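Working notes, structure below.
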Amino acid sequence: MSERSDLADLLTPPGAVVTVGAPIFDEALAAQGVPTVAVDWKPPPAGAAATVAAVAADPRLADANRAAVERMAAVRPRLVDVRQASELVGIARRQLLHAGPPIGWHEASGPLRGAIVGACLYEGWAETQGDAEKLAAAGGIELSPCHHHGAAGPMAGVVSPSMPMWVLDDGAGRTSYSTLNEGLGKVLRYGAFGKEITERLLWMELVLGPCLAAALRRHGPVDVASLIASMVAMGDEGHNRNRAGTSLLVRALAPDMVRTIESGQRRAEDVAEVLAFVDSNDHFLLNVVMAAGKLVADAGAGVPGSSVVVTMARNGTEFGIRVSGTGDRWFTAPAEVPDGLYLGGYGPSDANPDIGDSAITETIGLGGFAMAGAPAIVQLVGGEVDDARTWTELMYQLTVSEHPMWTLPALGFRGVPFGIDALSVVRTGVAPIINTGMAGRVAGTGQVGAGLVRPPLACFTAAVDALAREAEAP
Amino acid sequence: MTDVVRVERRRYHDSVTLMRAGAAAAEAPDVEAVIAAMATPLNRGLLAGAGFPEPDAGPDDMVIAVRAATGAAAEAAVAAVEAALAARPRTAATGARVPPHTVEAAASAAPDASVVLVSVPGPHAYVEAAAALRSGRHVMVFSDGVDLDAEVALKQEAAARGRLVMGPDCGTVILAGVGLGFANVVVPGPVGIVAASGTGAQQLCGLLDGAGIGVRHVIGVGGRDLSAAVGGRSALAALAALDADPDVGVIALVSKPPAPEVAAAVAEAAAACATPVVMALVGPGRPTVTDAAAEVAAALGTSFAEPAAWPVPPPPAGVHGPLLGLFSGGTNCVEALALVEERLGPVCSNVHHDPERRTPPDSPPTGAHVLLDLGDDELTAGRPHPMIDPAAVAERARAAADAGRTGVVLLDVVLGHGSHADPAAVVAPAVDAATAAGAAAVVALVGTAGDPQGLDRQATALAEAGASVYRSNARAAGHAARLLAGSAP
Amino acid sequence: MPFLARTATTTTATPGLSSLAAGCGEGRRPGSAVASTLVHEALTGPLCPAEVVAAGPAATYLDVAGDLLAVVAAGGVLLPCAVALADGVRPPVGDRLAVGGGAVWVDGRPALVVRRWFDPRVRVRAVDPQALARLVAVVAEIPAPDPAVPADATDPGVLLGRGVGLTPSGDDLVAGRLAALRARGSAEAEALGDAVRRLAPGRTTRLSAALLAAADQGAVVPEAAAVLRAAADPAAVVPAARRLLALGHTSGWYLAAGLAQGLAAVSERSERTMGTVGCSARRADRSLRAARRVRQ
């Protein structure tokens with residue numbers, strides 16, 4: 001018989017006691033010189049108690065979540081090419097991809113409808129706005145989520161066959177894609193359409209895309225994982241703030257861009273135009289980060305019994321999430337309107353509900369989760385500098401782990417909160433924080449502001465419900 | 001000297017963290033050198049310069065290189081580096097604090113917290129208690145209304161992790177003198193108690209305290225632990241833990257009688273203990289908690305004087321009318337019930353083991369002796385427990401006095417942390433009214449000399465109001481029974 | 001700055017015992033305190049005047065009828081002869097100090113009431129040789145901080161009173177060894193305890209003498225207790241030892257060195273089964289008759 005009982009540490013005065021529930025005994029413990037740490041507890045949403053318990057009791061849970069997060073953390077996305085959508089995303093002839101969970105024309109909000117119209121005009125499927133709308137309303141355009149095609153798109157996220165797209169891979173055969181970022185103002189992703197938009201899209205197809213492709217192919221794969229690690233240490237968070245990262249990408253590709261001129265592959269004025277374009281667009285890297293996010297998050301999908309969130313996405317009408325242990329199922333609920341700072345004379349009534357696949361950045365620990373490293377963001381979304389830090393610290397309570405490589409100097413080089421646990425969200429009633437741009441309600445308005453938004457808790461309770469039905473008993 | 005070089009592919013840590021982890025591991029006695037670094041060209045040069053073999057690693061890979069006196073020491077150093085990397089501080093370097101919304105977050109913020117106290121509503125208790133266990137802590141589950149399945153699952157998981165679940169429905173824990181929940185102030189001594197009954201344990205603490213015997217630990221295991229379904233898992237683990245504690249000279253187990261198969265297992269475990277075990281199984285025909293206290297004293301080789309009492313003379317005209325017992329402690333009620341029935345024949349109670357004698361608390365048969373457990377779940381739904389607020393006890397006593405139909409009022413007053421700050425002040429007026437109406441009042445005062453309410457002060461106040469006060473619940477019940485049976489005290 | 005003012009010895013009238021533990025209602029509520037069982041008698045007995053004999057930033061030392069009682073601020077070192085304030089309790093200030101009835105009294109009112117007792121004594125059942133080796137190694141990493149007191153010295157006649165500080169290094173070394181021997185129930189403890197009792201009073205500070213007396217009962221500060229408890233657990237002993245070494249200027253180191261000496265002395269002997277307090281026989285089936293005999 002061993003001399004040392006496993007319970008030996010039970011029989012000494014506790015240095016402190018954690019209390020959860022009614023604070024009835026904290027006072028008595030304090031009087032005895034024993035400090036307490038009280039959990040700020042509230043019950044999960046009504047009706048969820050039993051499903052929360054069932055999932056928590058599933059013996060697979062801890063290992064499944066650890067496996068999902070390990071797979072995600074091990075992904076090292078690389079930027080390898082730029083190619084046309086029709087070669088990449090399995091896009092049918094009259095098909096458009098869009099951000100968020102599945103949706104039809106009739107439920108779509110202003111920015112998405114505008115982007116669909118704009119894409120039809122760009123592709124030449126319709127001559128006028130009216131024709132485009134009739135075509136879409138009659139079911140002549142097939143709509144499918146980017147997420148179903150290995151892609152992620154910001155805002156309306158509309159992808160049409162002719163568009164150039166970033167190609168990323170993980171070095172082990174998995175790929176992901178995203179369009180090139182158009183910049184700010186009257187752009188397709190905010191639902192603008194017409195001559196200006198079409199011309200820009202054509203330029204991107206004929207000049208921007210091929211220039212970047214040539215430089216990339218010459219350079220070889222760009223290590224996006226390292227780039228992200230560098231940029232979060234430079235004040236970027238990868239969703240609403242990509243300025244440093246954009247600069248780092250250009251720095252990496254610049255020598256090879258010059259060489260494409262040397263070799264006659266590209267014209268000097270085109271390369272200059274490309275560089276000027278990128279310089280004017282602080283969000284240029286966003287789409288790359290999103291595609292990287294898709295590669296990372298998808299690696300965690302499909303682990304039986306895991307409650308790790310692998311997709312968060314919005315189509316302007318609904319917010320949808322997907323969870324590792326429930327496969328391809330979407331759990332959706334009406335999207336909320338972000339709250340923050342407005343540009344110019346815009347106000348809350350001008351803002352569209354939350355839209356875009358860019359919440360993939362929060363899904364992998366960036367964006368709102370990495371705000372502690374990007375305190376300047378509060379100038380864009382509102383709040384105090386301390387709030388930025390507080391948000392990140394709060395998010396650690398929702399995640400399984402921390403990223404091994406993307407670390408925040410302001411937090412003592414702690415890794416960003418990584419691996420959102422849907423069960424933790426439902427237990428605490430604390431939803432992930434997303435740092436996002438706001439689109440104008442009316443198609444073509446453009447960006448009306450930037451702010452913070454939360455996914456609806458209903459998405460997570462539905463997911464936990466589904467997990468509970470498949471949960472194993474202890 | 002042995003060299004060990006470990007390569008961790010595609011695993012990244014920043015250089016500061018790696019250096020600290022390496023330095024910590026290098027402090028071990030047999031270790032000469034530790035280099036933990038990413039295999040960049042610069043660091044590969046350092047490794048070569050230190051005489052380590054060239055690692056098969058690139059800049060994305062982490063290398064741990066150790067030189068130590070023996071292979072075992074080298075492996076231990078590698079493990080130490082790994083541990084240091086895994087255990088990076090979970091609190092921010094400076095700045096804002098965010099309140100913990102989960103047990104896990106709170107536990108991270110309190111590495112010294114060996115115990116988590118869960119008191120959320122029953123349906124939610126499993127998740128929080130499981131979180132406590134998974135954070136490597138013991139857990140006291142004060143919550144009641146927890147499913148049996150959940151209790152069994154928790155206790156199975158606890159056993160696998162070498163942790164203890166104290167509960168559910170556990171109101172009293174004392175660990176090396178620190179009281180959690182409703183607990184009396186004790187002077188840590190040679191006694192360890194395993195308690196399936198909180199108030200039973202509190203009474204035992206009070207009686208031992210009165211005899212100058214210190215209780216060191218009270219490990220609550222919850223009211224259902226000794227049922228057949230749960231099998232006494234926590235009780236058996238608690239027995240073993242107390243047996244292994246060199247400061248514990250006698251163990252007492254306080255409970256109502258367990259299911260037969262569990263009783264056998266407990267008896268076997270108790271027999272296997274090196275420490276003597278006194279069983280205090282409270283019920284009809286069984287020794288009382290006072291008897292158990294005496295047995296504990298005997299096992300320690302110390303004397304056990306008659307527990308203190310503040311008796312008052314009986315009403316000169318004798319007592320006319322039945323007994324009304326009002327208890328805040330369930331075990332006090334059960335113990336009193338057994339004793340009173342022994343003397344007076346069948347009585348009614350809202351917690352009687354015989355369903356025929358179980359009465360609803362508000363409509364007992366007229367003229368019958370009734371003992372009520374006012375701490376019972378049914379009576380505390382939406383009301384504070386009588387130990388926290390004795391107003392319910394006082395109300396019923398007063399109502400009985402006013403109706404003039406009661407011969408003897410018998411009640412318990414439980415002191416200690418968590419209980420009302422001055423229960424005598426709440427109860428004394430009702431006692432006064434009862435005695436003024438010609439009834440006799442008897443109080444079992446459960447507490448220790450160190451309790452914040454002041455044991456002597458409470459006893460005196462109750463005696464001055466006209467009650468006979470006893471530190472022993474058994475003596476109080478015995479006195480009440482004698483009054484009713486007509487014999488002199 | 002002493003946080004209990006020095007006092008002239010004055011006797012206050014002894015309040016009725018019935019009012020003591022509850023804390024008097026009038027005026028400020030008394031603060032909560034945690035107290036060592038070693039001072040239980042002094043604290044719970046009849047009221048006795050107390051005199052301040054020394055004061056430091058975190059503790060004030062009182063003489064209570066010849067015994068030493070330390071009143072320690074929250075977060076300070078939990079001495080085995082201490083009453084420690086719970087967090088947030090302000091140190092009492094005033095004249096006319098007294099101790100008794102479960103409280104420390106200032107100006108005739110209870111200023112600190114004991115709400116919990118702790119037992120500073122440690123009992124050690126077994127010593128793991130690897131744990132002991134690690135303890136020795138951790139201590140050996142740092143050379144003896146006080147040149148006058150080498151780590152391997154053992155003669156109390158030479159050590160007691162030697163070195164600097166409120167608790168001289170030599171005393172700490174002896175205290176550590178004595179506590180370890182006592183914790184293991186070693187017969188050697190008797191001889192050393194006798195020597196200390198004889199020699200300490202004339203040679204060393206009041207506080208140190210009190211701590212030596214505590215060590216003679218196997219009672220030490222929690223940091224040292226943790227090392228003793230870890231004597232059977234190689235994994236726990238190094239972090240515990242480091243925490244002890246961080247204590248005070250040199251006290252921690254010498255305590256640790258003393259513990260190592262004591263544990264080493266005992267582990268060389270054959271293990272003797274030590275009985276637990278009171279008895280060693282199994283009495284699980286003790287008869288009910290014995291119990292009924294006590295009951296009237």
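All heavy atoms count here, side chains included; hydrogens, waters and symmetry mates do not. The structure displayed is predicted, hence computed values, not measured ones.
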Contact summary for A/A57 and B/R134, nearest pair of heavy atoms:
CA-NH2, 4.4 Å
Under 4.5 Å from a heavy atom of chain A, the part of B/A131 involved
side chain
By side-chain contact (heavy atoms from CB on, under 4.5 Å), A/T12 pairs with (sequence neighbours left out) C/R229
For B/V178 and A/L29, run side chain to side chain contact (heavy atoms under 4.5 Å, CB included): C-alpha distance rounded to whole Å, both residues' side-chain angles, the deciding distance at 0.1 Å, then the answer.
CA-CA 8 Å; B/V178 173; A/L29 282 164; 4.0 Å; yes
From B/S119 atom OG to A/F25 atom CZ, the distance as rounded to the nearest 0.5 Å
7.5 Å
A/E472 atom CD, neighbour heavy-atom count above 12 within 6.0 Å
yes
Hey, is CD on A/E27 packed in by over 12 heavy atoms from elsewhere, all under 6.0 Å?
no
Check side-chain contact (heavy atoms from CB on, under 4.5 Å) between A/A30 and all other residues, then give those that pass, not counting sequence neighbours.
none
For a 4.5 angstrom cut-off between non-hydrogen side-chain atoms, does B/R137 reach A/D9?
no
For chain B, find its close neighbours in residues 31-39 of chain A: heavy-atom separation under 4.5 Å, sorted by number, or none.
A/Q32, A/V34, A/V37, A/A38, A/V39
Atom group of A/V430 that falls short of 4.5 Å from chain B, counting heavy atoms:
side chain
Could you check if a side-chain atom of A/L398 sits within less than 4.5 angstrom of a side-chain atom of B/T102, using non-hydrogen atoms only?
no
Are the side chains of B/I219 and A/L7 in touch, meaning some heavy atoms are under 4.5 Å apart?
no
Specify the closest pair of heavy atoms between A/Q397 and B/H101, including all atoms of both residues, with the distance to one decimal.
OE1-N, 2.6 Å
Most contacts with chain A, counted as non-hydrogen pairs under 4.5 angstrom, among B/G179, B/G418, B/A125, B/A132:
B/G179
Picking from B/A130, B/G177, B/A107, B/A113, which has the most non-hydrogen pairs under 4.5 angstrom with chain A?
B/A113
Looking only at B/I388, B/V152, B/L175, the option with the highest number of non-hydrogen pairs under 4.5 Å against chain A is B/L175
With a 4.5 Å heavy-atom cut-off, do A/L11 and B/L242 have their side chains touching?
yes
Identify the heavy atoms of B/V127 and A/A56 that sit nearest to each other, and give their distance.
CG2-CB, 4.1 Å
Interchain contact, A/P14 with chain B, by part (heavy-atom threshold 4.5 Å):
both
Residue pair A/P43 / B/H124: nearest heavy atoms and the distance that separates them
CB-NE2, 3.7 Å
Contacts table for residues 140-149 of chain B: side-chain donor-acceptor under 3.5 angstrom, sequence neighbours left out:
residue, atom, partner, partner atom, Å
B/S143, OG, B/V118, O, 3.4
B/S143, OG, B/V120, N, 3.3
B/S143, OG, B/V120, O, 2.6

